[in-house]
Amino acid sequence: MYKIAVLPGDGTGPEVVQEGLKILKALSKKFNIKFEFKEFNYGAERYLKTGDILPEKTIEELKKFDAIYLGAIGDPRVQPGILEQGILLKLRFALDQYINLRPVKLYPNVWTPLRDKGPDDIDFVVVRENTEGLYAGIGGFLRKGTKHEVAIQEMINTRMGVERAIRYAFEYTKKRNKRKKLTLCAKTNVLTYAHNLWERTFNEVAKEYKDIETDYAHVDATTMWMVKNPEWFDVIVTCNMFGDIITDLGAMIQGGMGVAAGGNINPEGVSMFEPIGGSAPKYTGKNIINPVAAIMAAHMMLEFLGEKKAADLLERSVMKTIEKMKSMSAGKMGMSTTDVGDHITELISK
Ligand code: IPM
Ligand code: MN
């Protein structure tokens with residue numbers, strides 16, 4: 001029995017999570033996997049009504065679940081940062097989900113701006129450090145609001161934090177067993193302290209993984225290769241900020257935000273799975289958002305829980321459904337949000 005906390009969140013989050021839950025229930029019947037879902041309604045609505053963001057006691061409660069399934073956080077009615085920091089980043093940090101795992105995989109029949117590249121070329125995974133770097137929230141203002149204002153935002157890199165992300169990436173590359181190549185993406189020529197630590201740690205840990213080929217790319221070059229030669233990549237490990245940026249690019253080359261899923265992983269604790277695209281407020285309530293990303297987040301959750309058979313059937317069913325979809329973009333799919341979910345559910349159940 002898996003206890004899953006469900007946080008539908010804001011905007012289109014609830015609609016796409018709904019489709020994901022539909023599919024998890026179908027898989028549960030087919031494979032006799034028992035899920036117990038509990039919904040937590042935190043997000044803009046709750047915040048605007050009550051001022052509650054995410055109470056400590058809820059975080060304590062969430063620690064007792066096997067995984068968290070998250071829709072999206074963020075709403076134009078709330079000042080940017082309040083919900084993102086108060087819910088999403090808060091959970092990543094409080095649950096010590098030190099890895100943000102983001103596969104970039106082009107499925108057959110999905111349009112990509114890299115037209116001449118196919119599913120064999122675009123299939124890599126970004127391991128993003130998820131609890132340090134520029135996201136640590138350390139800094140401050142001096143003379144705020146004056147002409148001489150100074151704003152400092154510090155980039156925190158600890159040996160422990162860097163090393164555990166790099167170790168996770170080496171292990172992941174080994175388990176993935178694809179090209180057995182791990183690329184460090186950093187900026188050693190400018191971030192001569194922070195990314196020097198990353199580089200030294202990477203090279204040290206690499207000695208323990210003789211069968212894994214290692215490579216290095218500066219972050220700017222990485223964005224170039226992702227478009228020009230995506231087939232060079234198997235697994236990329238990078239810091240929090242760079243990981244945020246390059247995985248939005250990754251989402252685009254795999255067909256857009258409608259497809260891209262991610263996992264916030266604490267290998268020893270409670271992990272959280274989410275579509276990476278955000279709450280897409282302008283599509284809310286129209287039944288036109290693409291739920292594939294949220295459904296692939298459920299796929300990552302099943303893989304993480306060790307339900308390989310269910311995960312594989314889900315991925316195959318998604319691929320078959322994608323063949324029937326006209327586009328991966330909201331409103332252009334040739335199907336509604338619920339149609340996509342229903343189609344995948346039928347393929348699973350038959
Ligand atoms: C993501 C998002 C978040 C991030 C925001 C919403 C804080 O862009 O999950 O990539 O920057 O990590
Ligand atoms: Mn992002």
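Order of appearance sets the numbers: ligands from 1, and atoms from 1 within every ligand. All heavy atoms count here, side chains included; hydrogens, waters and symmetry mates do not.
- Using 4.0 Å as the threshold, D244 has a heavy atom nearer than that to some atom of ligand 1.
- With a 4.0 Å cut-off on non-hydrogen atoms, D248 does not touch ligand 1 at all.
- Nearest non-hydrogen protein atom to atom 4 (C) of ligand 1 is Y135 OH, 3.5 Å.
- Protein N/O/S atoms found under 2.8 Å from the Mn ion (ligand 2): D244 OD1.
- The closest protein non-hydrogen atom to atom 1 (C) of ligand 1 is R102 NH2, 3.3 Å.
- At a threshold of 4.5 Å between side-chain heavy atoms, the hydrophobic network of Ile, Leu, Val, Met, Phe, Trp and Tyr places M333 and W111 in two separate groups.
- For the side chain to side chain donor-acceptor pair (under 3.5 Å) with N240, the lone residue among E132, R92, R128 that qualifies is R128.
- Contacts between R92 and ligand 1 below 4.0 angstrom, taking non-hydrogen atoms only, involve the side chain exclusively.
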May I have the list of side-chain donor-acceptor pairs in residues 3-16 shorter than 3.5 Å, sequence neighbours left out?
from: D10; atom 1: OD1; to: A44; atom 2: N; distance (Å): 2.6
from: D10; atom 1: OD2; to: G74; atom 2: N; distance (Å): 2.7
from: T12; atom 1: OG1; to: S279; atom 2: O; distance (Å): 2.9
from: E15; atom 1: OE1; to: N287; atom 2: N; distance (Å): 3.3
from: E15; atom 1: OE2; to: G285; atom 2: N; distance (Å): 2.5

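- R46 forms a cation-pi arrangement with Y42, by the criterion of a distance under 6.0 Å to the ring centre and an angle within 45° of the ring axis.
- With respect to R164 and D96, a salt bridge is recorded, a charged nitrogen being found less than 4.0 Å from a carboxylate O.
- Not counting sequence neighbours, the partners of R77 by the salt bridge (charged side-chain N to carboxylate O under 4.0 Å, His left out) test are E45, D75.
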Expected list for residues 316-326: side-chain donor-acceptor pairs under 3.5 angstrom, two or more places apart:
from: S317; atom 1: OG; to: L313; atom 2: O; distance (Å): 2.7
from: T321; atom 1: OG1; to: S317; atom 2: O; distance (Å): 2.7
from: T321; atom 1: OG1; to: H343; atom 2: ND1; distance (Å): 3.1

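- Atom 5 (C) of ligand 1 has its closest protein heavy atom at L88 CD2, 4.1 Å.
- Considering E204, E208, E129 as possible partners of R167, the one that fulfils the salt bridge (charged side-chain N to carboxylate O under 4.0 Å, His left out) test is E208.
- Note on ligand 1: R128 sits in its first shell, one or more heavy atoms being nearer than 4.0 Å.
- Between E231 and K117 there is a salt bridge, with a side-chain nitrogen of the basic residue lying less than 4.0 Å from a carboxylate oxygen of the acidic one.
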